[in-house]
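First comes the structure, then the notes that go with it.
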Amino acid sequence: MSTLHPTLDHAGHDDSHGHGHGHHELTFIQKYVFSTDHKIIGIQFLVTTLLMLMVGGALALGVRWQLARPWEYMPIAGDLTFGRDGGQISPEYYTMLFTMHATVMIFLVIIPVLAGAFGNFLIPLMIGADDMAFPTLNMLSYWFMWPAILFFAFALGLGPEWLTHVRGGMDAGSAQGWTSYPLLSALKQAAPGSEMSQTWWLMAVTFVGVSSMMGSVNYMTTIINMRAPGMTLFRMPLTIWAMFITAILQAFALPVLTAAGFMLVADRVLGTCFFIPAGIVVNNAAPTIGGGQTLLWQHLFWFYSHPAVYIMLLPAMGMVSDMLSCMSRKPIFGYKPMVYSMAAIAGLGFIVWGHHMFISGMNPALGMTFMVSTMMIALPSAIKTFNWIGTIWGGRLQFNAVMLNCIAFVSMFIIGGLSGIFMAAVPVDIYIHDTYFIVAHFHYVLFGSTLFGVFAGIQFWFPKMWGRLMNDSVAKVHFVLSFIGFNVTFFPMHLLGVAGMPRRYADPYHFEYLSHLLPLNQVMTAAAFLMGFAQFLLLGNFLFSIFFGEKCGRNPWNANGLEWTAPSPPGHGNFDILPVVYHGPYEYSSPISGDKDFLMQTEYIPLAQRGIESGH
Amino acid sequence: MGRFWAVFFVASAVIAVGLCWVAPSYGLWFPGTLKGGFGAGVAHSSIGKKIDDLFYLVLVIVAVTYIGTHAVLGYVLWRGATIKPEEKVLFSHGSHSLEVIWTIVPAGILLYIALYQMDVWAAYRFKEFSPKKAEAVAEVTARQFEWRIRYPARGKTLMPTPQPDDVYTVNELHVPTGRPVSISLKTEDVQHAFFVPELRIKQDAVPGLTIPVWFDVDEPRQYEMVCAELCGWGHYKMKARLIAVSDEDFGAWKDKAALEQFDDGFKKPAE
Ligand code: HEM
Ligand SMILES: [Cu+2]
Ligand SMILES: [Cu+2]
């Protein structure tokens, strides 16, 4: 394991990353491909997830196209797969589109961008460590993503048939939704064509799981063991708290999903019946032998996937807290309540999974307990929201793209949290379950909150990654287009849900009570395309700024965290001067910091200068 | 520029509220018979009406919270945008009393909603229409991609297993109006969900289970019946109708259906 090498001679050298003194020289491959440096791994994760974001976005646009122009010619996808039929997609293809859209976005974008990209990049830098506790494990956690990506591509029908045994190409892709409920997912006959693709899908999820697990073991160990002198638990930035809590969530929830995944694979290929009851006749196949329970899958799946929705949110909450405080030039409001409410969310997150199953036919009395715990989990979310608003209150706001995306995060999270209350009210959920109301809800929390938080995070920490700033004007245009596109696409989904439009319908309009919804859906699709294409601004800005962005020093935002004491980009081993921590990370505009409006965590202020009520 | 952004975020909230306000008049609200000029459909079952009431209660609470938080957000943004260079930033790490207030007040409201709604859930799943009071009118079996329905012969009760004189329909569920009825929901293959939007009733059909569903229908007419749980490529086209008729018409319909079903072509029609 590498230890800290203060490399004073390299201070300020922007191009100094990647060689240690006394180390043997690393080859290009060791340095940039199979790298064990947490920063490179973080950037690898970031670039990969940004690419996957575009893939997932393209799949979503396919879904939206079908909803705006059902059974008409679909550009590109239609030509590629359905050239013979005039480019009109099939219902199987539609199920594949929304299944793989959700799959890519959840397993290849949101989860890895938070824990993988930001977790990796930020944890050692923010706690003052030279690298992760287990650098090789860290490298493996990135490279385990690639089999997952490959297998998801197979699940999508993109592999050669002799290898993948997916007969029928994309028309036979995975088609059981990201929730993968049996029996649709357990019996091959239930979805003709998707025989092997679902098996590939399950194996890919397993690989993602292994990757996340390696990450979370690493994060926990690093955060517990490798903090710089003076970095007490309650001086850790909220980002680190969030990553820590997320890692714990992951470590406890993920094995359940992995086990369930293996059970489902066994049901598919080994002939076991964990999830398959007796006497089921699917598609005129022989009756099943059975003995299993389909609801078992739902319990296991949501036991993981509810905590997982917080895995997909908590790190963004932490990052936004840091950025809001910095851009408001003001300490975070209620640091400890913020920590405790994240812990409460994590704890409660394990006992609310049943709220996805209110009408699944489980014991109705169970519904009540899950309802109460679900109502209660809205409480820490509310507390956090109030504290963010409190943080902005009275600050000197810097309205740059980072700040705007953070404000959007707060505003969108309010909508997503409030719509959760409708669904937590079980009787209301009877009606809105599996309608577009749900789709609206989780896009507000996952896209509206997490992804806007990620946009902010990319712009905020970009200088640390490359030593250059991203262009703020382009970033603002990107923000405005994304924000408008997002809201016009997703806000009306609440109304569609109230109007009773079920989700996962290839063509809802042949029902009389839904037929008048087509024009609204067309507006939403147009907005979705606007939003989709706006992401090229992000990618373009990202790529352009790597090479041509405005150069910056160590601390372009005048922020307090340890990462800003390291060179931009930091060299191997991160810090040229061993950081010693004297304050919490949020001492902006502190009266003891003199005429600066920030006080870096490493800055020592002699007692005499601190006044009587010295803060720390 | 800062003022612009403060207005921008407040405007987005105003538009969102405005959109919800006008949505019913564009048919973007509950389905069901429209009552009055408002444009919101009214549920056609008593449980549905309770669900709607509960929805409106939550809506009011949520709307007040949304408008309140965004008003405050707009205010702090405006204040932060207009702060003068010589003005001091509020150096505060938080406020104990504020934390207490904004923990207790939402907790109280959430608990209130939680307790208030238990009754409605109980009505749907336990009380009032207990199986004894609700007549089991039919067994509804979902399969890829249709609904098969089995009724007991007139005057008989529904048996768990098919009887020789049972009456069958496909994609048409006939029920009598004005009194609680129950159906036994099953699936022959994968999971489906029984959903009648205008009644606000939904229940998953789970492989291996038979789940009773109770409801009443207040108005004799046809209602659309759909599948709400992904069940394969044809999920979107499990289109069916729930046909509610008065008690007498229901008996008459069943006689006619039985006659049609058991007519083997040999018997001459009566007379
Ligand atoms: C404020 C507290 C929240 C409450 C009370 C809440 C409640 C619920 C409930 C009851 C459901 C199930 C609805 C149904 O299927 O009928 C649900 C679905 C969902 N929620 Fe939340 N939620 C909250 C916050 C969040 C957050 C923060 C996230 C993610 C970051 C999230 C992500 C999701 C997702 C992805 C689903 C749908 C999964 C699916 O069916 O595909 N929720 N939520
Ligand atoms: Cu959940
Ligand atoms: Cu279905």
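Sequence lines set the chain letters: A, B, ... in the order given, protein chains first and strands last, and positions in each chain run from 1. As a basis for the values below, the full set of heavy atoms in this structure was taken, side chains included, without hydrogen atoms, waters or symmetry mates.
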> Heavy-atom distance under 4.5 Å to chain A: side chain of B:Leu209, backbone, both or neither?
Replying inline: side chain
>> Report which part of B:Lys84 has an atom under 4.5 Å of a heavy atom belonging to chain A: side chain, backbone, both, or neither.
In response: backbone
>> Between B:Phe8 and A:Phe483 (judged by ring centroids, cut-off 6.0 Å), do the two rings come close enough to count as a pair?
In response: yes
>> Report which part of B:Leu77 has an atom under 4.5 Å of a heavy atom belonging to chain A: side chain, backbone, both, or neither.
In response: both
> Under a 4.5 Å heavy-atom cut-off, does chain A meet the side chain of B:His93, its backbone, both or neither?
Replying inline: both
>> Using heavy-atom distances under 4.5 Å, tell me whether B:Gln117 contacts chain A through its side chain, its backbone, both, or neither.
In response: both
> Do B:Gln222 and A:Glu512 meet the criterion of a side-chain donor-acceptor pair at a distance under 3.5 Å?
Replying inline: no
>> So for A:Leu517, is it side chain, backbone, both, or neither that comes closer than 4.5 Å to the heavy atoms of chain B?
In response: side chain
> Looking only at side chains, do A:His433 and B:Gln203 share a donor and an acceptor under 3.5 Å apart?
Replying inline: no
> Tell me, side chain or backbone of B:Ile211 under 4.5 Å from chain A's heavy atoms, or both, or neither?
Replying inline: side chain
>> Under 4.5 Å from any heavy atom of chain B, what part of A:Tyr588 do you find: side chain, backbone, both or neither?
In response: backbone
>> If I measure from the heavy atoms of chain A, does B:Leu59 come under 4.5 Å with its side chain, its backbone, both, or neither?
In response: both
> Which bit of B:Thr82 comes within less than 4.5 Å of chain A, counting heavy atoms only: side chain, backbone, both or neither?
Replying inline: neither
> Using non-hydrogen atoms only, which part of B:Phe55 is less than 4.5 Å away from chain A: side chain, backbone, both, or neither?
Replying inline: both
> With no hydrogens and no angle check, is any side-chain donor or acceptor of A:His510 less than 3.5 Å from a backbone partner on B:Tyr236?
Replying inline: yes
